[in-house]
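Positions are given from 1, in the same order as the sequence printed here.
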Amino acid sequence: DGSNIETLFKNSSIAMYQAKDGGGHTYRMYKPSMHDKIMSRLTMEQDLWKAIKNNEFEMYYQPKVNLKTGSIEGLEALIRWHHPSGKHISPAVFIPLAEESRLIHIIGEWTVENTCGQIQEWYQKFGDAVKIGINFSGRQFEQPDLVKKFKCIMRSKGVLPKHLEIEVTETAVMANINTAVNILEQFRELGIQVSLDDFGAGYTSLGYLKKLPIDTLKIDQSFIRDCTDNSNLAIIQGIIAISQKMGFKTIAEGVETQEQHDLLKSLGCDQFQGYLCSKPLPAKEIVHLIW
């Protein structure tokens with residue numbers, strides 16, 4: 001895998017990182033395709049740095065709709081990257097890379113700044129503002145001053161806690177549960193509600209669920225997609241029943257059909273998100289759905 005010591009070291013390092021990506025406690029043999037993958041990753045990481053510098057990100061928003069009244073009760077803020085090449089790069093691709101490279105700390109702070117700025121703009125224009133959920137990754141919980149920075153941004157933008165919500169996946173919480181619980185409790189003490197995202201797709205123990213400082217469970221879209229399947233239906237019914245007993249709200253993600261909507265409404269789910277109402281849209285377009 002190399003004719004000199006430098007090449008051997010480089011290629012063995014590439015194989016080692018592939019083994020680490022595979023979960024560790026394993027090995028990988030070097031292949032030329034690994035080099036291409038690493039170079040592609042390095043290129044994207046460099047592009048992410050440029051994106052931060054050149055302000056290539058934009059916040060999109062997707063409505064959270066009350067299943068009983070049909071009114072929009074909130075939004076979820078979702079980051080989009082306008083790559084200069086014009087190609088679409090999904091957050092499912094660049095967010096994990098941002099987490100690995102620790103760029104997520106900068107991107108996360110940018111997201112909070114822009115979302116709070118949008119809330120304040122709407123408040124000044126319409127005399128009110130809709131609650132917006134901001135996604136946090138597990139890596140962001142590593143920041144010891146996370147809550148302090150969040151408070152500073154809120155104060156500088158003049159945003160009230162009732163207009164913000166923290167959304168975090170159950171996988172991110174369970175990765176370091178003690179730290180996550182401590183931080184989420186601090187957010188709730190500020191008056192900010194917390195949603196547990198993609199519930200049912202991870203590995204949250206029901207024993208831990210009662211210890212988590214949360215207000216809302218978001219039912220993962222994988223269950224909604226095939227909600228007429230008996231197994232999925234039973235899981236949805238179970239999540240809603242548990243939520244009602246524990247005093248949580250429930251939001252169904254990925255609702256695309258009237259059939260899904262009507263079923264969730266009959267089961268007592270509180271809210272839904274999905275293309276049945278609207279796809280994620282930039283602020284200038286989503287505003288027409290709210291006011």
Anything under 30° is parallel, anything over 60° is perpendicular, the rest tilted; go ahead and classify Phe272 against His261.
perpendicular

In terms of ring plane angle, is the pair Phe150 and Phe187 parallel, tilted or perpendicular, where the classes change at 30° and 60°?
perpendicular

Nearest heavy-atom approach of Pro91 to Pro96 is O-CD, 3.5 Å

Give the C-alpha distance, both sets of side-chain angles, the deciding distance and a yes or no for side-chain contact (heavy atoms from CB on, under 4.5 Å) between Asp220 and Asp197.
CA-CA 7 Å; Asp220 187 69; Asp197 207 355; over 6 Å; no

Mind checking whether Phe57 and Val93 sit in one hydrophobic cluster, side chains of I, L, V, M, F, W, Y counted as touching below 4.5 Å?
yes

Minimum heavy-atom distance Ile104-Ser137, with the two atoms named:
CG1-OG, 3.6 Å

Describe, in one word, how the ring planes of Phe141 and Phe136 are oriented to each other, choosing from parallel (under 30°), tilted (30 to 60°) and perpendicular (over 60°).
tilted

Please report the closest heavy-atom contact between Val65 and Cys277, naming both atoms and the distance.
CG2-SG, 3.6 Å

Any donor-acceptor N or O pair under 3.5 Å, side chains Ser101, Glu45:
no

With no hydrogens and no angle check, do the side chains of Ser195 and Glu165 hold a donor and an acceptor under 3.5 Å apart?
yes

Test side-chain contact (heavy atoms from CB on, under 4.5 Å) on Thr111 and Met59 and set out the steps.
CA-CA 7 Å; Thr111 298; Met59 297 310 300; 3.7 Å; yes

Donor-acceptor check, side chain of Asp1 to backbone of Leu8, threshold 3.5 angstrom: yes or no?
no

Hey, are Arg41 and Thr43 close enough side-chain-wise for a donor-acceptor pair under 3.5 Å?
no

Do you know which of Glu76, Gln271, Glu170 makes side chain to side chain donor-acceptor pair (under 3.5 Å) with Lys218?
Glu76

Among side-chain atoms of Lys131 and Gln193, is any donor-acceptor pair under 3.5 angstrom?
yes

Could you tell me whether Asp215 and Arg188 have a side-chain N and a carboxylate O separated by less than 4.0 Å?
yes

Whether the side chain of Asp226 engages the backbone of Asp229 through a donor-acceptor N/O pair (distance < 3.5 Å, no angle test) should be reported.
no

Around atom CD of Glu185, are there more than 12 heavy atoms of other residues, nucleotides or ligands at under 6.0 Å?
yes

Flag, side chain of Ser156 to backbone of Ile153, donor-acceptor distance under 3.5 Å
yes

Looking at Arg102 and Glu142, is there a salt bridge between them, counting it only when a charged N and a carboxylate O are closer than 4.0 Å?
yes

Linking I/L/V/M/F/W/Y whenever their side-chain heavy atoms sit closer than 4.5 Å, directly or via other members, would Trp110 and Leu78 fall into one cluster?
no

Just by modelled atom types, is the Ala241 backbone N or O under 3.5 Å from a matching donor or acceptor in the Gln244 side chain?
no

Within the structure provided, determine whether Leu212 and Leu184 are in side-chain contact (heavy-atom separation under 4.5 Å).
no

Testing Glu167, Glu73, Glu253 for salt bridge (charged side-chain N to carboxylate O under 4.0 Å, His left out) with Lys64, which one passes?
Glu167

Just wondering, more than 12 heavy atoms not from Phe9 lying within 6.0 Å of its CZ?
no

With side chain to side chain donor-acceptor pair (under 3.5 Å) as the criterion, how do His83 and Asp47 come out once you've worked through the C-alpha distance, each side chain's angles and the decisive distance to 0.1 Å?
CA-CA 8 Å; His83 196 278; Asp47 285 352; 3.1 Å; yes

Minimal non-hydrogen separation, Lys279 against Gln62, with atom names
CA-NE2, 4.1 Å

salt_bridge(Glu100, Arg139) N-O dist < 4.0 Å:
no

With a cut-off of 6.0 Å (strictly less than), are more than 12 heavy atoms of other residues, nucleotides or ligands near CG of Asn230?
no

CH2 (Trp291) with more than 12 external heavy atoms under 6.0 Å:
yes

Determine, stepwise, if the pair Asp262 / Gln258 fulfils side chain to side chain donor-acceptor pair (under 3.5 Å).
CA-CA 6 Å; Asp262 295 344; Gln258 192 64 41; 2.9 Å; yes

Any ion pair linking Glu56 and Lys50 (charged N to carboxylate O, less than 4.0 Å)?
no

Between the side chains of Gln186 and Asn182, does any donor sit under 3.5 Å from an acceptor?
yes

Hydrophobic cluster identity match, Phe126 and Leu289, side-chain contacts under 4.5 Å:
yes

Side-chain donor or acceptor of Asn135 paired with backbone N/O of Ala77 under 3.5 Å:
yes

For the side chain of Gln260 and the backbone of Thr257, is there at least one donor-acceptor N/O pair under 3.5 Å apart?
yes

Could you go through the side-chain contact (heavy atoms from CB on, under 4.5 Å) check for Leu196 and Thr169 one step at a time?
CA-CA 6 Å; Leu196 194 61; Thr169 65; over 6 Å; no

For Glu99 and Phe94, what are the C-alpha separation, side-chain angles and deciding distance, and is it a side-chain contact (heavy atoms from CB on, under 4.5 Å)?
CA-CA 9 Å; Glu99 290 177 328; Phe94 71 80; over 6 Å; no

